[in-house]
Amino acid sequence: MRKKIVAANWKMNMLQVEAAEFVRDLLQELGDQTAAEVVIVPPFTAIPRVVEALGGAEHVKVGAQNMYWERSGAYTGEISAAMLRNLFVRYVVLGHSERRQLFGETDEMVNRKVHAAQDATLRPIVCVGETLKQRDAGQVEEVLEGQLRRGLAGLETKAFTETVIAYEPVWAIGTGRNATPAQAQEAHAFIRSVLRELADDATAARIRIQYGGSVKPDNARALMSQPDIDGALVGGASLEARSFAQIVLAAAEDALDEERLSS
Ligand code: PEP
């Protein structure tokens, strides 16, 4: 069974004090739930404060929103995988649609970052997803397959299982317009079929695929109960500890239900 994974993508929000307050409130809201894996993805500047506020709480991990593929050198403004590992970061979000659209990231760049992250034992969360124009033109599968094939090119089997995919339809990000559970499930099932071709059946069955795009406490459970949806990448609703915790708890309840059904 795949452990659900719910990540809070804070984007360019949260000063240090706010970040520490969020962690304190989140830990209180979550109590001792361990059924779902939780990742906080702060801006670089708040990472040390989040790690400190977590105080070694093993059930909540820290991620970064981006990184560069080189190890070190004359790359002004960039951050390497080793620098993130040095701050106790475990995950890194790569190829978010905002990076693709606003900062010109290509699948080839995402691929270089995926390899560099894996080499440094950082687990990539690789974002894929179509625009509304592409959906309306009937190109969803073509777009997703291309992003996956190019973005994950050259990965070994073990590296695949340590990679998380986030399906984030661009038209659903920050718009309040989420994909229906059926639309999301259809895309997730397709992504898993591509992963089967890129790796193998057993590996594809172990890879976690998050849904992202206007996930809120009131739609989380319906999304999370779909068979190929293994968690959420949450933007707007992750800026408030209470609403993010409710999404995590929805994932945890779903995981516990699945466990009951299979025992
Ligand atoms: C995101 O940016 O990854 C995201 C899913 O944002 P939101 O939840 O605000 O749509």
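As the structure is a prediction and not an experimental result, all values here were calculated from the model. All ligand and atom numbering here is 1-based and tracks the order in the structure.
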Mark yes when over 12 heavy atoms from residues, nucleotides or ligands other than E29 sit less than 6.0 Å from its CD; otherwise mark no. yes
Let me check something: any side-chain donor-acceptor pairs from residues 40-53 under 3.5 Å, sequence neighbours excluded? List them with distances.
none

Salt-bridge present (R100, E105; N to O < 4.0 Å): no
Taking C-beta and beyond as the side chain, do V38 and K61 meet within less than 4.5 Å on heavy atoms? no
Are the charged groups of R242 and D25 less than 4.0 angstrom apart, N to O? no
Between P169 and Y211, is any pair of side-chain heavy atoms under 4.5 Å apart? yes
Non-hydrogen atoms closer than 4.0 Å to ligand 1: which protein residues do they belong to? List them by chain and number, please. N9, K11, H96, E168, A172, I173, G174, G212, G213, S214, L233, V234, G235, G236
